[in-house]
Amino acid sequence: MASLDSLVSFFLSTLFVTIVSSQTQCRNLESIISFGDSITDTGNLVGLSDRNHLPVTAFLPYGETFFHHPTGRSCNGRIIIDFIAEFLGLPHVPPFYGSKNGNFEKGVNFAVAGATALETSILEKRGIYYPHSNISLGIQLKTFKESLPNLCGSPTDCRDMIGNAFIIMGEIGGNDFNFAFFVNKTSEVKELVPLVITKISSAIVELVDMGGRTFLVPGNFPLGCSATYLTLYQTSNKEEYDPLTGCLTWLNDFSEYYNEKLQAELNRLSKLYPHVNIIYGDYFNALLRLYQEPSKFGFMDRPLPACCGLGGPYNFTLSKKCGSVGVKYCSDPSKYVNWDGVHMTEAAYKWIADGLLKGPYTIPSFHWLCLGSKIKSKESLDT
């Protein structure tokens with residue numbers, strides 16, 4: 001029988017090998033690179049806008065809770081990407097567009113409110129016209145590639161930078177569907193799903209080829225719980241509503257359909273690139289639980305109305321948007337899930353971020369504490 005000393009020695013040596021082995025597979029996430037739409041925009045739309053025609057996010061009450069001034073975020077305070085940055089010990093990710101002499105060493109954000117995954121021309125061919133933003137995912141990616149010499153210098157340094165970055169791919173694609181629903185192209189929306197997913201997949205592959213190794217790819221929110229859609233598609237037919245949440249069932253079914261197709265593509269990519277972390281962010285269920293059990297998370301019992309808005313059962317009117325003259329907001333946004341009819345409050349975004357960072361709303365689960373060793377070269381990336 002082996003002596004106690006030899007057993008202890010064997011255990012410690014095994015533990016040491018295990019720790020060293022796991023650390024070599026870890027990645028030190030040194031920055032955040034982000035693409036997307038208003039869910040992730042930290043000021044790009046404002047930076048791109050004419051000073052005389054600024055979006056509503058350039059005015060109070062946007063930003064009043066945390067920053068105490070508008071930042072271009074579509075929220076009363078911080079959004080999901082801010083909580084992720086804080087969790088990783090990184091500064092809030094600055095917008096790329098409109099930034100003069102910006103410091104992008106720890107992160108850069110190309111997400112623009114109103115952005116689509118598909119080019120505007122593709123949507124217009126299907127009769128989907130919504131002149132809000134021409135910044136598609138492809139344009140964001142092109143801008144990123146063109147800016148690399150200024151962001152990181154040499155090709156080797158850029159590959160290292162991309163390899164050590166946490167790349168947030170969206171949420172993107174939601175506006176492709178929103179713009180179709182807004183102009184009542186409900187029957188055509190499902191045709192957009194494979195096109196949107198292919199565009200996201202192609203962007204991921206392009207970034208992997210550039211050295212990207214860690215991705216968060218969010219799915220869509222439960223659209224049927226949005227004050228915008230609850231107002232737009234309001235009906236006296238009670239069977240169209242979820243009896244537990246009051247959300248429109250058919251719209252949530254569409255979100256789930258899209259999310260399932262997106263996950264299938266991400267699974268395919270994960271098998272194709274086993275050395276890459278491609279993480280699905282389950283925004284749908286991370287948000288839906290707040291509508292299912294609002295009091296459990298500190299929200300009021302009727303969480304569907306917007307905090308900032310005007311009119312109707314959901315405190316939302318399309319022509320009277322939050323940030324416009326005469327539109328008021330609630331006294332305590334922390335009790336509301338919905339901020340302006342489209343976007344969530346800081347309180348809701350914090351719960352969503354917690355669900356991603358602490359579980360269980362990422363697939364596969366991501367070991368955030370495994371951040372030990374830096375990727376230093378192309379060779380180590382490929383290894």
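Keep in mind that the numbers below use all heavy atoms, side chains included, and drop hydrogens, waters and symmetry copies.
Each of W351 and F66 belongs to its own hydrophobic cluster when Ile, Leu, Val, Met, Phe, Trp and Tyr are linked at side-chain heavy-atom distances under 4.5 angstrom. Using a 4.5 Å cut-off between side-chain heavy atoms of Ile, Leu, Val, Met, Phe, Trp and Tyr, with links allowed through other members, L60 and Y329 fall into different hydrophobic clusters. Connection of L269 to L207 is established within a shared hydrophobic cluster, with ILVMFWY side chains joined at heavy-atom distances below 4.5 Å, either directly or through further cluster members. V56 and F67 fall into different hydrophobic clusters, where Ile, Leu, Val, Met, Phe, Trp and Tyr are joined by side-chain heavy atoms under 4.5 Å apart, directly or via other members. V193 and I122 end up in the same hydrophobic cluster when Ile, Leu, Val, Met, Phe, Trp and Tyr side chains are linked at under 4.5 Å.
Nearest heavy atoms, A165 versus I33: CB-CD1, 3.6 Å. The two residues P313 and P305 come nearest to each other via the heavy atoms O-CG, 3.7 Å. The two residues R268 and S201 have their closest heavy-atom pair at NH2-OG, 3.9 Å. Annotation for V93 and G107: closest pair CG1-C, 3.8 Å, computed over non-hydrogen atoms. Contact record, M169 with A203: CE-CB, 4.2 Å, taken as the closest heavy-atom pair. Here the closest heavy-atom approach between residue I363 and residue Q263 is recorded as CD1-OE1, 3.5 Å.
With hydrogens and angles disregarded, a donor-acceptor distance shorter than 3.5 Å links the side chain of S154 to the backbone of D157. Although no hydrogens or angles enter the test, the distance criterion places a donor-acceptor pair under 3.5 Å between the side chain of N44 and the main chain of F96. Panel note: side chain N164, backbone D160; a donor-acceptor pair is recorded below 3.5 Å. Although no hydrogens or angles enter the test, the distance criterion places a donor-acceptor pair under 3.5 Å between the side chain of H68 and the main chain of E64. A donor-acceptor pair under 3.5 Å is formed between the side chain of R289 and the backbone N or O of A286.
The only option from T40, I168, I79, L90 that meets the side chain to side chain contact (heavy atoms under 4.5 Å, CB included) definition with I84 turns out to be I168.
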Under the side chain to side chain contact (heavy atoms under 4.5 Å, CB included) rule, what do Y280 and V217 come out as? Steps first, then yes or no, please.
-> CA-CA 5 Å; Y280 171 72; V217 189; 5.6 Å; no
Residue pair F284, Y361: steps toward the ring-ring contact (aromatic ring centres under 6.0 Å, His included) verdict | CA-CA 9 Å; F284 183 94; Y361 298 104; over 10 Å; no
Full working for side chain to side chain contact (heavy atoms under 4.5 Å, CB included) between C75 and Y62 | CA-CA 6 Å; C75 182; Y62 286 94; 5.7 Å; no
Where do L195 and R126 land on the side chain to side chain contact (heavy atoms under 4.5 Å, CB included) test, with the steps shown first?
-> CA-CA 12 Å; L195 302 178; R126 287 164 171 76; 3.5 Å; yes
Stepwise side chain to side chain contact (heavy atoms under 4.5 Å, CB included) test for L288 and F221 = CA-CA 8 Å; L288 187 63; F221 289 118; over 6 Å; no
Take H92 and T42, measure what side-chain hydrogen bond (donor to acceptor under 3.5 Å, both in side chains) needs, and give me the verdict at the end.
-> CA-CA 9 Å; H92 293 150; T42 54; over 6 Å; no
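The aromatic ring centres of Y336 and F299 sit 6.0 Å or more apart. Note: Y349 and F83 fail the aromatic proximity criterion, with ring centroids not under 6.0 Å apart. In this structure, F35 has its ring center closer than 6.0 angstrom to the ring center of F144.
Sorted by first then second residue, the side-chain hydrogen bond (donor to acceptor under 3.5 Å, both in side chains) pairs that include residues 296-315, not counting sequence neighbours, number zero. Among pairs with a residue in residues 171-192, those fulfilling side-chain hydrogen bond (donor to acceptor under 3.5 Å, both in side chains) read N175-N178, N178-Y229, at least two apart in sequence or across chains. Sorted by first and then second residue, the salt bridge (Lys or Arg N to Asp or Glu O under 4.0 Å) pairs involving residues 65-80 (not counting sequence neighbours) are R73-D82, R78-E86, R78-E346. The list of side-chain hydrogen bond (donor to acceptor under 3.5 Å, both in side chains) pairs with a residue in residues 138-149, not counting sequence neighbours, reads Y97-T143, K142-E146, K145-E206.
Side-chain atoms of E240 and T249, non-hydrogen and from C-beta on, never get closer than 4.5 Å to each other. In this structure, N259 and Y283 have side chains that are not in contact, with every pair of non-hydrogen atoms separated by 4.5 Å or more. Here the side chains of T120 and Y129 are not in contact, with every heavy-atom distance at 4.5 Å or above. At least one side-chain heavy atom of L192 sits under 4.5 Å from a side-chain heavy atom of I128. When side chains are defined from C-beta on, V337 does not count as touching M300, because their heavy atoms never get closer than 4.5 Å. In this structure, N338 and T345 have side chains that are not in contact, with every pair of non-hydrogen atoms separated by 4.5 Å or more. Taking the side chain as every heavy atom from C-beta outward, T231 and T228 never approach each other to under 4.5 Å. Between V46 and P55 there is a side-chain heavy-atom pair separated by less than 4.5 Å.
Judged by distance alone, the side chains of T245 and Q292 never bring a donor and an acceptor atom under 3.5 Å apart.
To the nearest 0.5 Å, atom CG of residue L54 and atom CZ of residue F59 are 5.0 Å apart. T235 OG1 to L248 CG: the interatomic distance, rounded to the nearest 0.5 Å, is 8.5 Å. Here the CG-OG distance, from L118 to S136, works out to 8.5 Å after rounding to the nearest 0.5 Å. In this structure, S255 OG and N220 CG are separated by 4.5 Å, a value rounded to the nearest 0.5 Å. Note that CG of L45 and CG of L48 are 6.5 Å apart. Values are rounded to the nearest 0.5 Å. Distance OG/S226 to CE/M344: 7.5 Å, rounded to 0.5 Å.
Remark: Y233 engages W250 in a ring pair (Phe, Tyr, Trp, His ring centres under 6.0 Å) (not counting sequence neighbours). Every residue was checked against the ring pair (Phe, Tyr, Trp, His ring centres under 6.0 Å) condition with Y291, not counting sequence neighbours, and none meets it.
Cysteines C330 and C308: SG-SG separation is not under 2.5 Å.
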